[in-house]
Structures are given as C-alpha cells and as structure tokens.
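One structure is given below, encoded as structure tokens.
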Number of protein chains: 2
Amino acid sequence: MTSATLAALSNQQYRLAARPMGLPKDSDWSFSSEALRDIVEGEIIVQAIYLSLDPAMRGWMNEGKSYIRPVAINEVMRAGGIGKVIASKSAKFAVGDYVSGGIGVQKFWLGAADDKSASFYKVDPKLAPLPKYLNALGMPGMTAYFGLLDVGLPKAGETVVVSGAAGAVGQTVGQVARQKGCRVVGIAGGKEKCDFVVNELGFDACIDYKTGSVKDGLKEHCPNGVDIYFDNVGGEILDTVLTRINMKARIIICGAISQYNNTTPVKGPANYLSLLVNRARMEGIVVFDYLPRYAEATKEMGAWMAQGKFQTREDIVQGIENFPAALLMLFEGKNFGKLILQVGQE
Amino acid sequence: MTSATLAALSNQQYRLAARPMGLPKDSDWSFSSEALRDIVEGEIIVQAIYLSLDPAMRGWMNEGKSYIRPVAINEVMRAGGIGKVIASKSAKFAVGDYVSGGIGVQKFWLGAADDKSASFYKVDPKLAPLPKYLNALGMPGMTAYFGLLDVGLPKAGETVVVSGAAGAVGQTVGQVARQKGCRVVGIAGGKEKCDFVVNELGFDACIDYKTGSVKDGLKEHCPNGVDIYFDNVGGEILDTVLTRINMKARIIICGAISQYNNTTPVKGPANYLSLLVNRARMEGIVVFDYLPRYAEATKEMGAWMAQGKFQTREDIVQGIENFPAALLMLFEGKNFGKLILQVGQE
C-alpha cells in the first residue's frame with residue numbers, strides 16, 4: 001500500500017477518557033480518528049474485523065495492580081480481536097492472513113509483527129468461522145478449558161455447576177465437562193438462555209436466577225451436591241453455591257461480573273468457611289498462563305466441533321460506533337452468547 | 001473400684017443450656033453434678049486432668065451442618081482432654097494409663113473404651129509433659145503440621161505468614177515452617193506475644209495488630225510478598241493479607257476466630273479476587289482427616305523438641321468452675337499460648 005492509500009484510511013478508535021465509577025458512561029470514552037502512517041521493516045497493519053467484548057475489560061479500566069497493566073488514560077482501549085493483514089513488511093505475516101491478537105478497539109492496528117502485547121497468531125477461516133476464534137477457540141474457550149480441566153480436575157460422574165452458563169466461558173465449561181462425563185448444571189438469566197444451554201448445548205439442567213431461587217435450583221438439580229463450581233459472577237450466587245459444595249470441592253474463580261461495576265467494596269463470599277468444613281479449595285485462573293498449551297485445547301475442542309458434539313453461540317453487534325453500548329450489554333446480561341463487535345468485513 | 005466408691009465420686013459437668021447469640025454467656029451453660037455408675041464389660045472411666053479449650057468449640061455450639069455434629073442442648077460440652085484411666089473393664093486400657101480423647105467438659109468420662117466419638121489413645125507422660133499432648137502433640141499441633149505441609153506445600157526460602165501466632169496452632173505453624181527453611185512472620189495481639197514468638201520461638205518477625213497496621217507490617221517484614229498464609233482469624237486480617245500475596249500463593253483456612261461470635265453475617269474476604277489475579281488458592285483443612293498420620297507428625301516434632309529446636313507454651317487455667325470464663329479468654333485474645341483448663345491432678 002502506498003502512503004497515500006494508507007493516509008486515506010481513517011483509523012477510528014475508542015480511547016479511555018476517564019476511569020469509570022461503576023458502569024462505564026459515554027463520557028468515559030473518547031472517539032478519535034487518525035490517518036495511518038507508513039510501516040517500516042518488521043511492521044504490519046491489521047484491519048480489524050471482529051472484536052471480543054469481555055467482562056475482564058471492565059477490570060482493565062481500573063487503576064491498581066492486577067494480572068495485566070491497566071489501560072492508560074487516552075490509550076486505545078484494549079481488546080482482543082480477529083483481523084486481516086492488509087500490509088506487511090514482516091516475514092511473519094503475509095497480506096491476506098487472518099490473525100488473532102490484541103487489536104484494541106480500533107479499525108486498524110499498526111506495529112511490529114512480533115509485538116508482545118498484541119501477540120498476533122494466524123487463524124484459519126477454513127477450519128472454523130472467524131468468530132469462533134474469539135469464542136471456544138479463543139480466550140474464553142481457553143479459559144473454560146484450562147480452568148475446568150487444570151484447576152477443577154473433574155472426574156466422570158461428578159457434578160459441575162457453572163454460572164454465566166450461556167456466556168462465552170460458561171458455554172464451553174459446560175460442554176467440556178459433559179464430554180468428560182460430568183453432570184452439568186448451568187446458572188443463567190432468563191428462560192431463553194436456560195433453554196439454550198439445556199436443549200442446544202446438552203447441559204443436564206439450568207437454573208434461571210432471574211425467576212427462581214438458586215438455592216432451590218441447586219437442591220433440585222444437584223441432588224449429590226456440587227463437586228466443581230466454575231464461577232464467572234461472584235456475589236450472591238457464589239455465596240449460595242458455597243452452601244451446597246461437597247467434600248474436597250473445587251471452586252474455580254474465573255471472574256465476578258456481578259462485582260465489576262460496584263461503587264461500594266466487593267462483596268466477599270460470606271460463606272467461605274464452607275471451604276474449611278468441606279476441605280474445599282477456591283483457586284483463581286488467568287488464561288494467559290496457558291498460552292503455550294492453547295494448541296492442545298484447540299485440537300480437542302476442534303475435533304468435538306467437527307464431530308458435531310460441541311457448539312457455541314455468538315452475539316455479534318455491528319459497528320465500532322456501538323462499542324460503548326455493546327460493552328454494557330455484558331453487565332446487564334443482555335448478550336446471548338459470546339459478545340462480539342464487528343467493525344470490518346471478512 | 002466398688003459401686004460405693006464410684007457413687008461417691010461427684011462428676012461435675014458443664015452442659016450446653018442454650019445456643020449462644022454472639023459470645024457465650026453464663027446462662028448458655030448449665031452446671032450439673034451426678035454420681036458415677038458401675039461400668040460394664042468393655043467400659044472404662046477416665047478422670048479428666050487437662051481439657052483443651054479451642055476456638056472451634058464455639059462452632060460446635062451452633063446448629064447447622066458442619067464438619068462435626070453440633071453439641072445438643074443439655075449435652076455435656078464437647079472438649080478434647082487428657083486424663084487418667086481410674087477404672088477399666090477393657091483390655092484396651094489399664095488403670096493408670098494416661099489417655100487423650102474426647103472427654104468433654106466434665107471431671108469423669110465413662111463409656112466404652114472404643115467409643116468412636118471419644119477416640120481415646122494412650123499418651124506417655126515420660127516422653128513429654130501431659131499438656132504438650134493438647135498442644136503441639138495434640139489437635140492444634142496436628143492441625144498446624146498437616147495444614148502447613150499438606151495444604152501449604154512450603155518450599156525453603158518462601159515467606160509464610162501466620163495469624164494467631166502465639167496461639168496453639170500458630171506457634172507450631174511458625175516453628176514447622178522455620179524448620180522447613182521458610183521466612184516466618186507472625187501476626188499477634190500485643191508486644192508480649194510478639195516478643196515471645198520472635199525471641200522464644202524464632203519467628204523472623206511478628207506484627208502486632210493491636211498497635212500497628214498489619215498492611216504496613218506486611219510491607220516491612222515480607223519484602224518479597226507472601227507465599228503462604230495460614231489463617232486462624234479471618235476478617236480484616238485475611239483481607240489485608242490477600243492484598244500482599246504472591247503468584248501461586250496458598251492460603252490455608254484453618255479458622256476465623258474474629259467471626260465466630262458474630263451476630264451479623266460472617267464478613268467474607270472482599271479481596272478474594274486477589275486469588276484470581278495471583279492464580280492463588282484458598283483451601284480449608286480439618287485435622288480429623290489426618291488421624292491416620294498423627295504418628296508421623298508426632299515423630300518429627302517430638303524429635304525437634306528433644307533437640308531443643310521446638311517449644312510450645314501453654315496457658316493453664318485452674319478449676320472446672322472457671323470453664324465459662326476461660327473459654328471467653330480465647331475470643332478476647334487473653335490467653336497466651338495454648339489455653340488449657342486443669343480440672344484434676346496428674
């Protein structure tokens with residue numbers, strides 16, 4: 001591409017304007033547009049197609065020590081995504097390659113092909129539709145797969161409960177657990193989501209936390225107690241599950257979406273002493289630790305997909321201009337499946 | 001012993017009269033006195049000498065599912081203890097034997113020698129003074145030993161923090177960790193206790209939570225963060241330690257003395273998401289699981305004691321009539337060392 005062509009491409013970007021208190025407001029974002037510069041040796045330009053919208057993004061907007069540095073004020077908001085290489089001066093990627101990596105909430109990513117924070121790698125649109133690489137074959141899927149198997153250590157016949165069951169991570173947790181011979185009970189908001197995970201994904205049961213009591217649901221659907229709880233939500237649901245765990249139960253702390261927009265302190269699990277009574281374990285997982293093993297998970301889940309035994313659902317919102325509103329869908333439970341923002345054409 | 005001799009022995013007992021709200025009050029106990037009956041084949045009578053007073057006793061007074069059934073209303077209060085066999089129609093124990101087991105808060109225990117809930121076993125007063133069998137060589141010591149080693153998995157050079165450091169469990173946790181090559185930092189209430197664990201027990205440092213900031217103390221004394229936290233107290237101290245843990249840290253949940261007398265719900269650890277950020281683990285321990293391995297711990301700690309490398313301190317209160325007041329010392333942090341009630345002579 002010539003300099004003139006590049007300069008003509010308007011790179012629209014969402015930047016963090018202010019650290020939110022509670023739910024992110026429109027004024028916490030600034031929308032900018034800039035021309036692309038020429039690339040130098042070793043660099044590439046990736047045109048964003050699909051951006052992954054995840055609950056974890058809310059945490060990245062806060063100051064303070066975490067598993068990853070906070071997004072700086074005025075920095076382009078961090079987001080994983082799938083894009084197409086449209087310019088390359090690197091042997092690593094060719095024009096036309098599809099890649100997955102840390103694109104950010106913008107239309108184009110420009111930088112060194114081996115940039116560590118972007119960590120681009122090729123994906124193959126012939127093996128699976130591109131959005132799947134942000135779902136089961138992407139970060140949420142890897143989180144689910146390694147969190148369940150490596151931290152949860154499920155055994156056939158055990159009962160696995162997962163919250164956010166219709167969400168990106170929950171869908172995969174439940175299906176992997178089913179493949180491993182476990183009884184799987186989801187917790188999700190609304191009849192439509194519950195029907196989906198039972199009828200489409202094959203969960204044994206699903207508890208609708210919006211219309212019923214989670215405690216009663218656990219009593220009914222987990223008659224032998226809970227051996228593994230994969231927690232995506234925290235708050236009261238975590239506390240309720242803690243009252244139903246079995247001896248030597250494992251609780252995987254993957255997220256706490258109910259607490260991310262608190263303006264008061266996080267609600268700690270008041271029933272944590274159930275860990276003592278039951279000699280149980282609560283352990284955190286961060287997916288980046290498993291980067292060297294992603295291929296292992298992709299291979300196993302990919303094979304299940306090919307055999308028609310494993311499916312996932314995406315909820316794709318169109319247009320970069322809808323980023324602020326789309327992100328809020330996560331915290332209101334409005335997305336149905338892995339939430340993705342499409343900002344460019346395949 | 002003749003029936004007449006037995007009947008002349010007045011068995012004084014503390015029974016649970018009511019389930020306490022908050023700290024146990026005098027009216028939550030009833031004091032009774034009854035004559036001993038003759039024993040039949042297979043039975044023994046144990047004269048109580050030392051009774052173990054432990055924070056866990058508060059939990060046994062509550063209704064509800066736990067790792068052990070609650071003490072029933074009007075039942076003799078459960079307590080471990082050391083006593084002497086004064087009558088036996090069992091081949092298992094001879095008159096004159098010293099035994100450890102579930103004597104209860106009473107002057108005499110009468111029942112089958114192989115009673116499961118009492119679980120008597122012989123102790124040897126020549127190997128160690130009898131009170132040690134309620135401390136490092138008893139339940140608190142076993143809790144400390146297996147909790148630290150089996151759940152905490154300490155490696156030489158790691159930093160171990162223990163709360164209730166001058167208490168029965170804390171003393172042993174710290175000394176076992178030192179023997180395993182760890183840096184050990186205690187948390188205790190008051191200068192006298194802190195001086196004791198540093199100067200007498202060889203801890204590297206001790207933070208006085210009554211006069212200083214635990215957060216500042218951790219910053220100062222754990223410059224490389226906290227790899228293992230052995231928690232006996234829960235509440236704010238647990239929350240503070242959670243802000244200082246290292247990657248892959250292990251938190252052993254042994255107790256939560258700060259929460260046992262709450263009349264409001266237990267305060268859950270608001271900073272539990274530090275487990276996620278640090279891929280850390282919080283796990284409960286109940287000492288009874290390790291019963292088959294007590295000998296292993298007794299052997300190793302006994303050897304350290306014999307070599308003068310390991311010591312423990314007891315705080316012995318005299319007289320069964322002082323049971324209600326003595327128990328409260330635990331919750332006010334007034335005991336200095338393992339709290340024991342002496343109710344009979346050796």
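Labels below follow one simple rule: chain letters A, B, ... track the order of the sequence lines, proteins then strands, and each chain is numbered from 1. Values below: every heavy atom of this structure, side chains too, minus hydrogens, waters and symmetry copies.
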task: Specify the closest pair of heavy atoms between B/Leu276 and A/Gly255, including all atoms of both residues, with the distance to one decimal.
output: CD1-N, 3.7 Å
- prompt: Which residue pairs satisfy the salt bridge (Lys or Arg N to Asp or Glu O under 4.0 Å) criterion with at least one member in residues 241-259 of chain B, sequence neighbours excluded?
  reply: B/Glu158-B/Arg250
statement: In short, salt bridge (Lys or Arg N to Asp or Glu O under 4.0 Å) pairs touching residues 234-243 of chain A with sequence neighbours left out are A/Asp239-A/Lys267
Closest non-hydrogen atom pair between A/Gly234 and B/Tyr272, with its separation: CA-OH, 3.5 Å
statement: Taken in chain and number order and not counting sequence neighbours, the residues that satisfy side chain to side chain contact (heavy atoms under 4.5 Å, CB included) with B/Ala280 are B/Ile245, B/Ala249, B/Leu275, B/Asn278
- line: Those residues of residues 284-298 of chain B that come under 4.5 Å of chain A on a heavy-atom basis, listed by number, are B/Gly284, B/Ile285, B/Val286, B/Asp289
query: Taking atom CD of B/Glu332 as the centre, does the number of heavy atoms from other residues, nucleotides or ligands within less than 6.0 Å exceed 12?
result: yes
task: Can you tell which part of B/Leu242 gets under 4.5 Å to a heavy atom of chain A, answering side chain, backbone, both or neither?
output: neither
task: Starting at CG of A/Leu273, measure out to CD of B/Gln259 and round the result to the nearest 0.5 Å.
output: 7.5 Å
query: In terms of heavy-atom contacts, does CE of B/Met21 have more than 12 from other residues, nucleotides or ligands at under 6.0 Å?
result: no
